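For reference, the structure discussed in these notes is given below.
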Amino acid sequence: MFDTKVALIIRSDLAGWQKLNVAAFLATGIAAAAPEAVGEPYVDARGRVYGPMLGQPILIFAAGRVELQAAHREALERDLHVVPYVAAMFTTGHDAANRAVFAAEDPENLDLVGLGLRGRKKAVDKATKGLALHG
């Protein structure tokens, strides 16, 4: 039904609140970059209109830092849309500060705590190969 796939990879050693925070931010990054993937608004039986959501499933995987870095490299090689989240972003309070701490990271050794990926199914599968779904 979908020719693309969405995957979030969350570092397994984070606190519960951090995992949820990272997943939420990554999902918004995927949706913002793919407005065509956002479905129609939801309408209840009384006619009240609710916000739309991404119109395709999101798979959420668990990984360690090394696995996240490997998935990141694979995703870049396969030209996937990549949304990164690094550990330093937990210390900031707004979007501009997030971008500043991300820009200060060594691009070859990012301290990744999460990645959002969207692209061709096979390419996303290659980037997430060997990772277990988050449990």
Side-chain angles (χ1 to χ4, degrees):
M1 181 177 199
F2 302 102
D3 60 346
T4 61
K5 192 171 202 172
V6 177
L8 305 182
I9 309 169
I10 310 295
R11 205 155 93 189
S12 55
D13 63 348
L14 299 178
W17 73 266
Q18 290 173 314
K19 291 176 184 178
L20 294 171
N21 183 268
V22 170
F25 275 102
L26 295 176
T28 64
I30 295 295
E36 72 282 359
V38 176
E40 296 296 320
Y42 285 74
V43 181
D44 70 17
R46 290 194 175 190
R48 290 181 288 227
V49 179
Y50 296 84
M53 292 184 265
L54 204 61
Q56 70 183 105
I58 299 174
L59 298 173
I60 303 178
F61 296 90
R65 182 178 180 198
V66 170
E67 291 84 12
L68 272 161
Q69 289 175 331
H72 177 248
R73 284 189 301 276
E74 189 73 30
L76 293 177
E77 287 176 14
R78 297 187 176 280
D79 201 30
L80 295 176
H81 177 74
V82 179
V83 181
Y85 199 108
V86 295
M89 290 177 174
F90 288 129
T91 68
T92 67
H94 56 86
D95 190 46
N98 281 347
R99 288 191 307 277
V101 297
F102 180 76
E105 292 267 331
D106 174 358
E108 302 307 318
N109 190 31
L110 295 172
D111 189 10
L112 291 165
V113 295
L115 280 177
L117 307 176
R118 182 172 186 267
R120 295 178 330 277
K121 285 182 180 182
K122 287 184 180 184
V124 173
D125 287 343
K126 291 283 187 182
T128 58
K129 185 175 183 173
L131 299 179
L133 289 173
H134 216 293

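Since this is a predicted model, take the numbers as computed values, not measurements. In what follows, every heavy atom counts, from backbone to side chain, and hydrogens, waters and symmetry copies are set aside.
- The cluster map of Ile, Leu, Val, Met, Phe, Trp and Tyr, joined by side-chain heavy atoms under 4.5 Å apart, puts L68 and V66 in different clusters.
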Pair I10-L26, side-chain contact (heavy atoms from CB on, under 4.5 Å): steps then yes or no: CA-CA 10 Å; I10 310 295; L26 295 176; 3.8 Å; yes
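- Interatomic distance, E77 CD to K126 NZ, rounded to the nearest 0.5 Å: 12.0 Å.
- Closest approach of I58 and A27 over heavy atoms only: CD1-CB, 4.5 Å.
- For the atom pair H134 NE2 and L59 CG, the distance stands at 13.0 Å (nearest 0.5 Å).
- Between H72 atom NE2 and E108 atom CD the span is 8.5 Å, to the nearest 0.5 Å.
- Counting heavy atoms of neighbouring residues, nucleotides and ligands inside a 6.0 Å radius, atom CG of D95 exceeds 12 of them.
- Taking the six-membered ring where tryptophan is involved, the planes of F90 and Y85 are tilted, since the angle between them lies from 30° to 60°.
- Remark: D106 CG is packed, more than 12 non-hydrogen atoms of other residues, nucleotides or ligands lying under 6.0 Å away.
- Contact record, E105 with A88: OE2-CB, 4.1 Å, taken as the closest heavy-atom pair.
- In this structure, A7 and V124 approach most closely via the heavy-atom pair CB-CG1, 3.8 Å.
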Take N21 and M89 through the side-chain contact (heavy atoms from CB on, under 4.5 Å) test and state the conclusion after the steps. CA-CA 11 Å; N21 183 268; M89 290 177 174; over 6 Å; no
List the steps and the verdict of side-chain contact (heavy atoms from CB on, under 4.5 Å) for R65 and N109. CA-CA 10 Å; R65 182 178 180 198; N109 190 31; 3.4 Å; yes
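- Atom CG of residue D111 and atom CD of residue Q69 lie 8.0 Å apart, to the nearest 0.5 angstrom.
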Would V113 and V86 satisfy side-chain contact (heavy atoms from CB on, under 4.5 Å), going step by step from the backbone distance to the final call? CA-CA 5 Å; V113 295; V86 295; 5.9 Å; no
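- Note that the OG1 atom of T28 and the CG atom of L54 stand 11.0 Å from one another [nearest 0.5 Å].
- Under a hydrophobic clustering in which Ile, Leu, Val, Met, Phe, Trp and Tyr are joined whenever their side-chain heavy atoms come within less than 4.5 Å, directly or via other members, L133 and I60 fall into the same cluster.
- F61 and L76 fall within a single hydrophobic cluster, where Ile, Leu, Val, Met, Phe, Trp and Tyr side chains are chained together by heavy-atom contacts under 4.5 Å.
- Note: the hydrophobic cluster containing Y50 also contains M53 (ILVMFWY, side chain heavy atoms under 4.5 Å, direct or indirect links).
- Considering every non-hydrogen atom in both A127 and A71, the closest pair reads O-CB, 3.3 Å.
- Distance check: K5 NZ to T128 OG1 gives 6.0 Å after rounding to the nearest 0.5 Å.
- Taking each heavy atom of P84 and L112 in turn, the nearest pair found is CB-CD2, 4.2 Å.
- Residues V38 and L117 are members of one and the same hydrophobic cluster, defined by side-chain heavy-atom contacts under 4.5 angstrom among Ile, Leu, Val, Met, Phe, Trp and Tyr.
- When all heavy atoms of H81 and G29 are compared, the closest pair comes out as NE2-O, 3.9 Å.
- R78 has no carboxylate O lying under 4.0 Å from a charged side-chain N of D125, or vice versa, which leaves the two without a salt bridge.
- Between the side chain of K19 and the backbone N or O of R11 there is no donor-acceptor pair closer than 3.5 Å.
- At least one donor-acceptor pair under 3.5 Å links the side chain of Q56 to the backbone N or O of T4.
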